[in-house]
Amino acid sequence: MSITSCSKYYISTLSSTNALKDEQTGQFNIENDSVQVTYSFAGENAPVKITVKNKLQVPLYVDWAKSSLIFEEKSTSYVPDKIAFNGDLSLDTWRQSNITGTDGEIKGEIATPNPTSFIPPNSKVESKTIFLKSAAFIALPDTTFKKTEQVASHQGRVKVHSVNFTRENSPVFFRSYLTLYTESETGKKAFALDNEFYISRSIRSYVSPNNLVDYNGGNFSDVFYTKRTTTHGNIITGVGVLGIVSAGAAVESTNTDNRKR
């Protein structure tokens, strides 16, 4: 039996006050004589991908422990307080007389973040962080979306609710602060990059961004999304689970050119 659910997608487009945005890819660029930094937020829950290229002839370092995402004056380090574990759980259930037992095994790996990145001359590093608990990347309230419009999907035009913002009235404005340094015989020479981002457009849709032509299948670097299961989806899921329980009891007894983001 397949269980289906309905979701609402909240798809937000970011802009910046002091980083250049490539309008074809949505990638944000910051560059000076020493370094080139690019930002991407593409995907669910806004994974913050930062690429740092060293343009110097000496090694460059990024101090992630002293680098933060800042929203509403709250600073969250790029080095998380908790270590992430990714793994799979496999279970085997057995039954003998009136006794039921389960054997399980967890396999996975622990991601240990490196607090400092070493970048040799004319090379680059990439880092990706997901701030799941940050209010900067949660869905906007449904009452925010006042306008109704049509956007292109792979199945034709679909209706969405939308809202546009300026820097002055955007409900979400955050900063990314990076600490970098070089080393020599005289000691460390540190400098910082402080860049500002804000939501400039958001839509609420029942169609996944993967199916929206105007959003290039959710692959633009300036677009992130969150989703919620609707009440209808919860009802369908509940009926599906009930069907599975009943069945078990019975067996036992017997890429685009148009960017409107």
Side-chain angles (χ1 to χ4, degrees), residues 1-16 21-28 38-49 69 71 86 128-167 169-174 197-244 255-261:
M1 178 179 295
S2 61
I3 301 176
T4 59
S5 63
C6 296
S7 296
K8 282 192 293 187
Y9 296 87
Y10 299 81
I11 309 168
S12 296
T13 302
L14 293 169
S15 295
S16 176
K21 181 162 71 171
D22 185 326
E23 293 301 329
Q24 297 301 313
T25 65
Q27 182 174 273
F28 295 95
T38 61
Y39 282 90
S40 172
F41 302 87
E44 185 174 2
N45 298 319
V48 184
K49 179 181 177 182
L69 185 87
F71 177 65
N86 295 318
K128 183 181 289 187
T129 306
I130 299 180
F131 296 90
L132 286 176
K133 293 184 178 180
S134 175
F137 303 121
I138 64 173
L140 299 178
D142 284 351
T143 54
T144 306
F145 301 88
K146 305 293 186 181
K147 183 180 178 181
T148 301
E149 61 182 87
Q150 301 282 329
V151 298
S153 76
H154 294 300
Q155 288 76 40
R157 308 291 292 181
V158 296
K159 183 175 74 172
V160 302
H161 293 83
S162 66
V163 60
N164 294 317
F165 301 106
T166 63
R167 163 64 185 88
N169 67 6
S170 178
V172 174
F173 172 83
F174 63 92
F197 304 92
Y198 65 94
I199 290 180
S200 54
R201 174 175 168 81
S202 190
I203 69 169
R204 190 188 71 204
S205 170
Y206 288 99
V207 179
S208 165
N210 296 330
N211 294 319
L212 295 180
V213 176
D214 292 342
Y215 287 81
N216 191 30
N219 291 320
F220 287 122
S221 294
D222 58 340
V223 174
F224 73 91
Y225 72 94
T226 59
K227 65 180 180 181
R228 293 175 181 165
T229 302
T230 64
T231 302
H232 176 64
N234 287 329
I235 293 173
I236 293 176
T237 303
V239 171
V241 171
L242 179 61
I244 290 175
N255 309 322
T256 189
D257 290 330
N258 179 25
R259 298 188 71 197
K260 294 179 64 180
R261 306 174 296 104

Practice problem: Taking side-chain hydrogen bond (donor to acceptor under 3.5 Å, both in side chains) as the test, write out the residues that go with Ser12, two or more places apart. | Solution: Ser202
Exercise. Side-chain contact test, heavy atoms from C-beta onward, threshold under 4.5 Å: evaluate it for Val213 versus His154 and give yes or no.
Key: yes
Self-check item: Pairing residues for Ser16 by the side-chain contact (heavy atoms from CB on, under 4.5 Å) criterion, not counting sequence neighbours
Solution: Asn18, Ala19, Phe28, Phe197
Self-check item: Non-neighbouring partners of Lys147 that pass side-chain contact (heavy atoms from CB on, under 4.5 Å), sequence neighbours left out
Solution: Glu149, Ser162
Exercise. Compare every heavy atom of Phe220 with every heavy atom of Gln24, then report the nearest pair and how far apart it is.
Key: O-CE2, 3.2 Å
Quiz item: Any side-chain heavy atom of Val172 sitting closer than 4.5 Å to one from Tyr198?
Solution: no
Quiz item: Which residues satisfy the ring-ring contact (aromatic ring centres under 6.0 Å, His included) test with Phe137, sequence neighbours excluded?
Solution: Phe174, Phe224
Quiz item: Mind checking what makes side-chain hydrogen bond (donor to acceptor under 3.5 Å, both in side chains) contact with Asp142, not counting sequence neighbours?
Solution: Lys8, Tyr10
Quiz item: Can you name the nearest heavy-atom pair linking Asn45 to Thr226, along with the distance?
Solution: OD1-CG2, 3.7 Å
Quiz item: ring-ring contact (aromatic ring centres under 6.0 Å, His included) with Phe165: which residues, sequence neighbours excluded?
Solution: none
Self-check item: Any residue meeting side-chain contact (heavy atoms from CB on, under 4.5 Å) with Asn210, in chain and number order, not counting sequence neighbours
Solution: Ser208
Quiz item: Is there side-chain contact between Leu212 and Val158, with heavy atoms separated by less than 4.5 Å?
Solution: yes
Self-check item: Shortest non-hydrogen contact between Phe145 and Ile203, atoms and distance
Solution: CE2-C, 3.6 Å
Quiz prompt | For Tyr39, all residues meeting side-chain hydrogen bond (donor to acceptor under 3.5 Å, both in side chains), sequence neighbours excluded | solution = Ser176
Practice problem: Using the test side-chain hydrogen bond (donor to acceptor under 3.5 Å, both in side chains), find all partners of Ser15 that sit at least two apart in sequence or belong to another chain. | Solution: Ser200
Quiz prompt | Taking every non-hydrogen atom, the tightest pair across Phe173 and Arg167 | solution = CE1-NE, 2.8 Å
Practice problem: Would you confirm whether Lys21, through its side chain, and Leu14, through its main-chain N or O, come within 3.5 Å as a donor-acceptor pair? | Solution: yes
Quiz item: Excluding sequence neighbours, so at least two apart, what forms side-chain contact (heavy atoms from CB on, under 4.5 Å) with Thr143?
Solution: Pro141
Self-check item: Side chains of Ile11 and Val223 in contact at under 4.5 Å (non-hydrogen atoms)
Solution: yes
